[in-house]
Amino acid sequence: MSDSTLSRHYPNTQLYIDGAWRAGSRDTAVVNPATEGEIGRLSLASEQHLADAAEAAGRGFAAWRKVSAFDRSKLMRRAAQNLRDRAEEVAAIMTMEQGKPLVESRIEVLGAADTIDWFAEEARRTYGRVIPARAGNVRQIVTREPVGPVAAFTPWNFPINQAVRKVSAALAAGCSVVLKGPEETPASCAALVQAYIDAAGLPAGALNLVFGVPADVSKFLIAHPLIRKISFTGSTAVGKLLAAMAGEHMKRATMELGGHAPALVFADADIPRAAKLLAGAKFRNAGQVCISPTRFIVEESAYEEFTEHFVATTKKLKVGNGLEEGVQMGVLANGRRLQAMERLVADAVEQGAKVLTGGEHIGREGYFFAPTVLANVPMSARIMTEEPFGPIAPISTFKSYDQAIVEANRLPYGLAAYAYTRSSTTSAAVGEDIESGMVSINHHGLGIPETPFGGVKDSGYGSEGGSEAMEAYLVTKFVSEAR
Ligand code: NAD
């Protein structure tokens, strides 16, 4: 690492409650996963801080919902511009705390600005309707109102992107937010909040940011009577717990959970292109992406060609500290992921899988794991059913279309799915037959602000993109008025 990368500044992070940054009741270390060294401190909330945040969100909601959609939209556009202006600085902070290559961090920050703009536009389109009445003196009006204060929980893999979708849709709708950001990657998430603060005009309490012990924070906020809506991104296991709590307290919920995306490659596809695009998507953010392609299922006659190209692309990837020029895959975000990768590979190999490349921890420091390709992986191997959330690609084969679809739909997950084919008949059939919230065919086309984003089955419910994302933060009111 050069001196210039070593000397970058990483800020400490506090809580943002009721319009002010505040110290927590204790603090904890933030670690750079590429060096395993402490780079900053993070304030953690006590129960009193959480109560303050919920109450502030109650007051913030009362004020923010009265701000016109036109003015909410203008403020949001200023926040988007603030992020764009700070993209370089924020991207470096994100890479230091999360490990992804600088180029990916930059894309995330600029993409977040686009997301804010998208929701700023949607803010002005929360239309209602008039329903023809049965009597001439009656007017029947349907309006959309903000649901109320929102508790949002976001993870460390995309420290800004996961938060910006929830915060921006909620604010666009007129809701206030208590955001529990990711404890492992807090400073870039705080930079998003700062972009909103600096947009000038948010009432105190409209947007609050807390960190703490995740289970304690969610338990407190979900039960809090002022909180009306829960939105969570994270694992299916935790999502089910939070959804149950939300149900117990009759709170609306959006759950963006795990996946195990199948990638079907038919023999008639442009195989070298499919291999290159799928490998690029697989190793983005070191595979720590909920829509990462996970099971590579290739038609038998194309298996060798696909595998050859996929492995060649994988071997060329430059792995290293995300701050270094030219690095294409960074470090895993934490030690848990490294251990998980080691366990998944050991289990697959024990059951007969062949490691075509990678398969091991690399480097003297940091949680680096080599981009890995596995062949001959039996269905009983854990990687074929558990979300790896890391840089491991198991490749298997199929003989017929029906067999491919059965395999694609085998798991309880249904977030993203991919297919490559030159046949329009096959591509139309795949689009219909795969049980998944999102299907991308012949390219990697998921995750932009204007398109729906969300899963089915164990991958959760609700959408975090497109106009559907606004629905999560709106309630319907019907007014029938006789004159
Ligand atoms: P984890 O399930 O403990 O944590 C995932 C996220 O949920 C973290 O941000 C964590 O702070 C939060 N969380 C955990 N328990 C919580 C609770 N009781 N209340 C509120 N928030 C809670 O696991 P992890 O080790 O951080 O990640 C492991 C798995 O999580 C991955 O394998 C992956 O399946 C999943 N994950 C998914 C996404 C996603 O984008 N869908 C993001 C990060 C992690």
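Just so you know, residue 1 is the first one in the sequence shown, and it goes up from there. Indexing begins at 1, ligand by ligand and atom by atom, following the structure's order.
Side-chain contact check for K166 and S231: at least one donor-acceptor pair (N or O, by modelled atom type) lies under 3.5 Å.
Protein residues are said to neighbour a ligand when one of their heavy atoms lies under 4.0 Å from it; for ligand 1 these are T154, P155, W156, N157, Q162, K180, E183, P214, A215, S218, F232, T233, G234, S235, V238, L242, E256, L257, C290, R336, R337, E387, F389.
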Using a 3.5 Å cut-off and no angle test, enumerate the donor-acceptor pairs between side-chain atoms of residues 241-248 and protein atoms at least two apart in sequence or in another chain.
none

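A search for ring-ring contact (aromatic ring centres under 6.0 Å, His included) contacts involving H444 returns Y418, not counting sequence neighbours. Legend: residues meeting ring-ring contact (aromatic ring centres under 6.0 Å, His included) with F310, ordered by chain and number and at least two apart, are F296, F306.
Within the 4.5 Å cutoff, the side chain of L277 has heavy atoms near those of the Y420 side chain.
A ring-centre distance under 6.0 Å is not found for F453 and W118.
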